[in-house]
Amino acid sequence: MGKQIDDYFVNKALQLYLEGLTYREIERILGVSHVSVMNWVRKYNIKRPYNSKYHPTYKILNHTELQKYFQNPENLKGAGQLVTELGDKFMLIKWDRFKD
């Protein structure tokens, strides 16, 4: 049996999966195996809406960088965005709202 992973990482991995990130992207960000993420998706029967027209982009920012990002009005136009806490940093997930 593998080591027990804190529920925080399970919840965060599933949240990122629902936002459209791949298993390997989640592995790189959270430091948990992509196989574990796949198993959690299966275990909890997580289904994300299928949309092949976009793939979200993400940035890992500290508090100051996040403030500067949102102070620029151009960063707020034409895209959906989600910010989630990730340890002592923040993850900004962005997808184009009106992309063809």
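Just so it is clear, the model here is predicted, and its values are computed rather than measured.
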>> For a side-chain hydrogen bond (donor to acceptor under 3.5 Å, both in side chains) check, start with the C-alpha distance between Q67 and T64, then their side-chain angles and the critical distance, and finish with the verdict.
In response: CA-CA 5 Å; Q67 282 181 310; T64 304; 4.8 Å; no
> Would you say E65 and K68 make side-chain contact, with heavy atoms under 4.5 Å?
Replying inline: no
> Could you state the interatomic distance from CD (Q81) to NZ (K94), rounded to the nearest 0.5 Å?
Replying inline: 5.0 Å
>> With a 4.5 Å cut-off on side-chain heavy atoms, are I46 and W40 touching?
In response: no
>> Nearest 0.5 angstrom please: Y44 OH to N11 CG, how far?
In response: 8.0 Å
> So do the side chains of M91 and L16 get within less than 4.5 Å of each other, counting heavy atoms only?
Replying inline: yes
>> Looking at Y69, I want to see if its OH is surrounded by more than 12 non-hydrogen atoms of other residues, nucleotides or ligands under 6.0 Å.
In response: yes
>> Test side chain to side chain contact (heavy atoms under 4.5 Å, CB included) on K89 and L61; report intermediate values, then the result.
In response: CA-CA 6 Å; K89 300 214 186 297; L61 305 170; over 6 Å; no
>> Less than 4.5 Å apart, side chain to side chain, heavy atoms only: is that true for V32 and E27?
In response: no
> Within a strict 4.5 Å, meaning less than it, do heavy atoms of the K59 and L66 side chains meet?
Replying inline: no
> So, the side chain of R48 versus the backbone of Y17: is there a donor-acceptor pair under 3.5 Å, distance only?
Replying inline: yes
> Under 4.5 Å between any side-chain heavy atoms of V10 and L14, yes or no?
Replying inline: yes
> Okay, side chain of E85, backbone of G87: is any donor-acceptor separation there less than 3.5 Å?
Replying inline: yes
> Would you call H34 and I26 a side-chain contact if the rule is heavy atoms closer than 4.5 Å?
Replying inline: no
> Which pair of non-hydrogen atoms, one from L86 and one from Y8, has the smallest distance, and what is that distance?
Replying inline: CA-OH, 3.6 Å
> Do F70 and N75 pass the side chain to side chain contact (heavy atoms under 4.5 Å, CB included) test, and can you show the C-alpha distance, the side-chain angles, and the key distance before you say yes or no?
Replying inline: CA-CA 7 Å; F70 281 113; N75 289 335; over 6 Å; no
> Taking a hydrophobic cluster as the set of Ile, Leu, Val, Met, Phe, Trp and Tyr residues connected by side-chain heavy atoms closer than 4.5 Å, whether directly or through intermediates, do L21 and V35 fall within one such cluster?
Replying inline: no
>> Do L92 and T84 have side chains that approach each other closer than 4.5 Å (heavy atoms only, starting at C-beta)?
In response: no
>> To the nearest 0.5 Å, what is the distance between CZ on R24 and CD1 on I29?
In response: 14.0 Å
